[in-house]
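To start, the structure itself, in structure tokens.
Start at 1 and go down the list; that is how both ligands and their atoms are numbered. What's counted below: heavy atoms across the whole structure, side chains too, no hydrogens, waters or symmetry copies. One-based numbering along the sequence shown.
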Amino acid sequence: MAHARPSERPSGRAPLFLMASPRHFEVAYAINPWMRPDIWADDKAGHGRAAGAAFGALEEGLLAAGGEVRLVDGAAGLPDMVFTANAAVVLDGRALLARFRHPERRGEEAEFARLFEGFRREGLLSAVESLPEGLFQEGAGDCVWDEARQLFWGGYGPRSSLQSHRAVAGFFDREVVSLELATQRYYHLDVALSALPGGEVLYYPAAFAPAARHAIADRVPPDSLVAVGEPEAAAFGLNIVCVGRDLVMARTTPRLRAILAERGYAVREVDLDPFLLAGGAAFCLTLRLDRRSGDGERTPA
Ligand code: ARG
């Protein structure tokens, strides 16, 4: 099929992204190796202002690409709530709320539960549920929908538990391909893998256990599988928000920019440095609320 031009939505619907105000964002603790509370503490006001500007630029990038944004408040004392990708897994109007590994983020669960219950009441969602007790699952950050293959890639290890994948698969009635994340540095799947609408899967091999690399290669043909290097991964170049064939992401490397352009994507880069100090970038700061299975360029006939 011919590629849609950037900014053209084949379905005609604008993708809807949940974002949470960065007003309470700060780097106050370290629960992943990227987090730098020391740097933040040097100039809290300055970093706070920069974060506000970066967040605004991301929002503008999404709108310019043809997306819509639902902006909600953050909450005092929950600085990482700005990373809405971790709120839940959402597909077909159904949301499975996250359960966080670290106590620092657990307070977000009640906030997101309240917000999502509101979305259900207003008809944006039809079902909102919690994971069974004893499981961890950190939302879309560890559960990436691949619309070309109609499956979830599920990360586990540093944050989400392997056992959570069965619950995700059951709730959505979709396959979850479990991928073990081998390092603390690439602690969520969305910093190590990106599934693009044209069927390409971009990944950073060193982030994955050997069995996970095999699972990826088993499902993605070589011409669609793109391994990136450490410079791309470390610039959060896999943390990509797709708005059709427009890709909104942090400033990336010339190499990755060229790969994406060659595949027919329009890249919109945003300076997200203040959020990189917390270990997050574009995909982490958003959550698709309106994603339907069956949408996409390769809708089954
Ligand atoms: N500081 C946050 C954490 O460690 C960053 C989360 C980034 N989100 C993501 N989906 N990767 O949990």
Side-chain angles (χ1 to χ4, degrees), residues 17-22 24-41 47-48 51 54-55 58 62 74-75 77-90 95-109 111-112 136-145 152-161 164 168 179 181 183-195 202-204 207-208 232-242 248-250 270 272-289 291:
F17 297 95
L18 175 67
M19 294 179 74
S21 159
H24 301 287
F25 171 70
E26 59 176 332
V27 187
Y29 50 74
I31 55 171
N32 73 57
W34 308 92
M35 293 184 84
R36 296 298 302 269
D38 52 333
I39 295 183
W40 189 271
H47 290 302
F55 188 91
L58 175 61
L62 295 171
L78 297 173
D80 276 336
M81 192 176 162
V82 72
F83 297 112
T84 50
N86 299 124
V89 181
V90 183
L96 189 58
L97 296 167
R99 176 144 336 103
F100 289 93
R101 170 84 61 178
H102 294 294
E104 287 87 343
R105 296 199 66 180
R106 276 191 204 137
E108 295 175 41
E109 292 171 19
E111 298 294 328
F112 284 125
F136 298 109
Q137 203 291 318
E138 298 200 351
D142 251 344
C143 202
V144 172
W145 177 245
F152 286 111
W153 298 102
Y156 72 93
R159 298 293 181 86
S160 302
S161 46
S164 72
V168 175
L179 302 175
L181 295 167
T183 70
Q184 286 297 326
R185 196 162 156 80
Y186 295 95
Y187 60 98
H188 276 147
L189 184 62
D190 68 355
V191 295
L193 178 144
S194 182
L202 277 51
Y203 78 127
Y204 176 51
F208 293 93
E232 286 70 37
F236 287 77
L238 298 176
N239 204 244
I240 301 174
V241 184
C242 304
V248 184
M249 58 196 292
V270 181
L272 294 174
D273 285 357
F275 296 105
L276 267 47
L277 291 176
F283 185 94
C284 307
L285 290 162
T286 63
L287 178 67
R288 263 302 282 278
L289 290 177
R291 196 185 296 288

[X] heavy atoms, cut-off 4.0 Å: which ligand 1 atoms fall inside?
| X | result |
| --- | --- |
| M35 | 1 (N) |
| Y187 | 4 (O), 5 (C), 6 (C), 7 (C), 11 (N) |
| G141 | 10 (N) |
| D190 | 9 (C), 10 (N), 11 (N) |

Check your understanding: Can you name the side chain to side chain donor-acceptor pair (under 3.5 Å) partners of R105, sequence neighbours left out?
Key -> N86, E108
For [atom], what is the nearest protein heavy atom, given as residue, atom name and distance?
| atom | answer |
| --- | --- |
| atom 9 (C) of ligand 1 | C284 SG, 2.9 Å |
| atom 8 (N) of ligand 1 | N86 OD1, 3.0 Å |
| atom 2 (C) of ligand 1 | D80 OD2, 3.3 Å |

Check your understanding: Which is it for L96 and V168 under the side-chain contact (heavy atoms from CB on, under 4.5 Å) test, yes or no, and what are the steps along the way?
Key -> CA-CA 7 Å; L96 189 58; V168 175; 3.9 Å; yes
Exercise for review: Using distance alone, determine whether R159 and ligand 1 share an N or O pair under 3.5 Å.
Suggested key: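 Yes; the residue has a nitrogen or oxygen that sits under 3.5 Å from a nitrogen or oxygen of the ligand.
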Point to revise | Contact partition for F283 relative to ligand 1, non-hydrogen atoms under 4.0 Å | key: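 It is neither; nothing of F283 touches ligand 1.
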Exercise for review: Kindly determine whether L285 and V241 satisfy side-chain contact (heavy atoms from CB on, under 4.5 Å), including the steps that lead there.
Suggested key: CA-CA 9 Å; L285 290 162; V241 184; over 6 Å; no
**Study point:** Rounded distance (nearest 0.5 Å) linking atom OG of S164 with atom CZ of R159
**Key:** 13.5 Å
Exercise for review: Hey, can you tell me if H47 and W40 have their rings parallel, tilted or perpendicular (30° and 60° cut-offs)?
Suggested key: parallel
Check your understanding: Does T183 have any side-chain contact (heavy atoms from CB on, under 4.5 Å) partners at least two apart in sequence or in another chain, and if so, which?
Key ->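 Result, side-chain contact (heavy atoms from CB on, under 4.5 Å) vs T183: R185, Y186.
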